[in-house]
Amino acid sequence: MPLQSLANGIQDGLQGKSFDGSLKFDCGNDGVIVLADGTASTTDRDTDCTIRISTDNLKKLLSGKLNPMTGVMMGKLKISGDMGVAMKLGKLIG
């Protein structure tokens, strides 16, 4: 699965940080990355918040090359569900 290496990188970045709630990056046909219970996995499940984003834009988001707010305004990512969880993610990767 193409997203497994990204999930592993996110998992490494979560070490020592707390993230309440659950969030899913939905990359369409490429798959999903779910952040929940302190882990990042590629197993799909229901989450508090879903971010629809392309794999390329997800890589840019995680590397800091895509600002989350700019991404939303430009339509590069779409957020559904609990916006509070999405805001926590900004602090986590910011």
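Quick note: numbers below take in every heavy atom, side chains included, and nothing from hydrogens, waters or symmetry partners.
Every residue two or more places apart in sequence or in another chain that forms a salt bridge (charged side-chain N to carboxylate O under 4.0 Å, His left out) with Asp37 is listed here: Arg45. Under the salt bridge (charged side-chain N to carboxylate O under 4.0 Å, His left out) criterion, Asp82 pairs with no residue at all, not counting sequence neighbours. Under the side-chain contact (heavy atoms from CB on, under 4.5 Å) criterion, Thr43 pairs with Ser41, not counting sequence neighbours. Remark: Thr50 engages no residue in a side chain to side chain donor-acceptor pair (under 3.5 Å) (not counting sequence neighbours).
From Asp56, atom CG reaches atom CG of Leu61 across 12.5 Å, with rounding to the nearest 0.5 Å. Taking CD1 of Ile33 as the reference point, atom CG of Leu58 lies at 5.0 Å (rounded to 0.5 Å). Atom CD1 of Ile10 and atom CZ of Phe25 lie 5.5 Å apart (nearest 0.5 Å).
Shown are Val34, Leu23, Val32; of these, the side chain to side chain contact (heavy atoms under 4.5 Å, CB included) with Thr47 is made only by Val34. Just one residue in the list Leu35, Asp48, Asp46 forms a side chain to side chain contact (heavy atoms under 4.5 Å, CB included) with Ser22, and that residue is Asp48.
In terms of heavy-atom proximity, Gly38 sits nearest to Leu14 at O-CD1, 4.1 Å. Residues Ile79 and Ile51 share a closest heavy-atom pair of CG1-CG1, 4.1 Å.
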Donor-acceptor contacts, no H, no angles, side chain residues 62-76, under 3.5 Å, sequence neighbours left out:
unit_1	atom_1	unit_2	atom_2	d
Ser63	OG	Lys59	O	3.1
Ser63	OG	Lys60	O	3.1
Asn67	OD1	Met69	N	2.8
Asn67	OD1	Thr70	N	3.2

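For residues 18-28, every residue pair satisfying the salt bridge (Lys or Arg N to Asp or Glu O under 4.0 Å) rule, not counting sequence neighbours, is listed here: Lys24-Asp44.
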